[in-house]
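Before any comments, here is the structure.
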Amino acid sequence: QVQLVQSGGGLVQPGGSMTLSCVASGFPVTFYAIGWFRQAPGKEREGILCISPSGSSTYYIDSVTGRFTMSRDKAKNTVYLQMNDLKPEDTAVYYCATDQGIGCRDTYYTKPNFFAGSWGQGAQVTVSS
């Protein structure tokens, strides 16, 4: 059974950094595409970026390019979202997810309402001074 368990999150000052973790079970993290989404208060969920089984990343939000990166640790079967230079507008609940696909399906990240797969439980990230 596919399961994603997240850790991390909390309060960080503007300009600070934070790393979110997502431990996968039921499949190797290098087998399926895995991505990150976020949902800010009063806004719809949006796709952030996705990493394919081959290790290539696709960004879906221009404002995080150069600040957010995604990585994988095969030994820990974990994916990470490293966030740098955080801004108040990055405040949101962050989710990792997989549709158990062999590539990053753009539709799922541009229209998250259509996403069909497994989600982590979410982690609140608050960027505030």
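Positions are given from 1 along the sequence. This is a predicted model, so every value here is computed, not measured.
Partners of Tyr80 according to the ring-ring contact (aromatic ring centres under 6.0 Å, His included) rule, which considers only residues two or more places apart in sequence or in another chain, do not exist here. Legend: residues meeting ring-ring contact (aromatic ring centres under 6.0 Å, His included) with Phe68, ordered by chain and number and at least two apart, are absent.
Side chains of Asp106 and Tyr60 form a contact here, defined as non-hydrogen atoms less than 4.5 Å apart. The shortest distance between side-chain heavy atoms of Gln3 and Val5 falls below 4.5 Å. Gln6 places none of its side-chain heavy atoms less than 4.5 Å from the side chain of Val79. The shortest side-chain heavy-atom distance between Ile51 and Arg72 falls under the 4.5 Å cut-off. The side-chain heavy atoms of Ile34 and Val29, taken from C-beta on, include a pair separated by under 4.5 Å. Side chains of Met18 and Val125 form a contact here, defined as non-hydrogen atoms less than 4.5 Å apart. At least one side-chain heavy atom of Trp36 sits less than 4.5 Å from a side-chain heavy atom of Leu20. The closest side-chain heavy-atom distance from Val64 to Ile48 is below 4.5 Å.
With rounding to the nearest 0.5 Å, the separation of NZ in Lys87 from OG in Ser63 is 8.5 Å. Atom OH of Tyr94 is separated from atom CZ of Phe37 by 13.5 Å, given to the nearest 0.5 angstrom. Put simply, CD on Gln124 and CD on Gln39 are 10.5 Å apart, with the number rounded to the nearest 0.5 Å.
Across all non-hydrogen atoms, the minimal contact from Gly101 to Pro53 is O-CG, 4.4 Å. For the residue pair Gly47 and Pro112, the shortest heavy atom distance occurs at N-CG, 3.8 Å.
Stacking of Arg38 on the aromatic ring of Tyr95 is not recorded, the 6.0 Å distance cut-off and the 45° axial limit not both being met.
Thr126 and Ser128 are not linked by any side-chain donor-acceptor pair at a separation below 3.5 angstrom, with hydrogens and angles left out of the test. Between the side chains of Thr78 and Asp73, no donor-acceptor pair is found at a separation under 3.5 Å. Side-chain contact annotation: Gln82 with Thr19, donor-acceptor N/O pair under 3.5 Å present.
In the hydrophobic cluster analysis, where Ile, Leu, Val, Met, Phe, Trp and Tyr join through side-chain heavy atoms closer than 4.5 angstrom, Val127 is grouped together with Ile61. Under the 4.5 Å side-chain contact rule for hydrophobic residues, Leu86 and Leu49 share a cluster. With hydrophobic clusters built from ILVMFWY side chains whose heavy atoms lie under 4.5 angstrom apart, Val2 does not share a cluster with Ile102. Hydrophobic clustering (ILVMFWY, side-chain heavy atoms < 4.5 Å, transitive): Tyr59 and Met83 are in one cluster. Tracing side-chain contacts under 4.5 Å through hydrophobic residues (I, L, V, M, F, W, Y), one reaches Phe115 starting from Val93; they form part of the same cluster.
Proximity of a side-chain donor or acceptor of Arg67 to a complementary backbone N or O of Asp85 within less than 3.5 Å is detected. When atom types are taken as modelled, the side chain of Asp99 and the backbone of Gly117 share no donor-acceptor pair closer than 3.5 angstrom.
Under the 30°/60° scheme for interplanar angles, the aromatic rings of Tyr32 and Phe27 are found to be tilted.
Atom CD of Glu44 is surrounded by 12 or fewer heavy atoms from other residues, nucleotides or ligands within 6.0 Å. Summarising the local packing, NZ of Lys76 is surrounded by 12 or fewer heavy atoms from other residues, nucleotides or ligands at distances under 6.0 Å.
Residue pairs that meet the disulfide bond (SG atoms under 2.5 Å apart) test with at least one member in residues 79-129, sequence neighbours left out, are Cys22-Cys96, Cys50-Cys104.
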Practice prompt. Quick one: do Arg45 and Trp119 satisfy side-chain contact (heavy atoms from CB on, under 4.5 Å)? Show the steps, please.
Written response: CA-CA 12 Å; Arg45 190 169 299 187; Trp119 296 88; 3.2 Å; yes

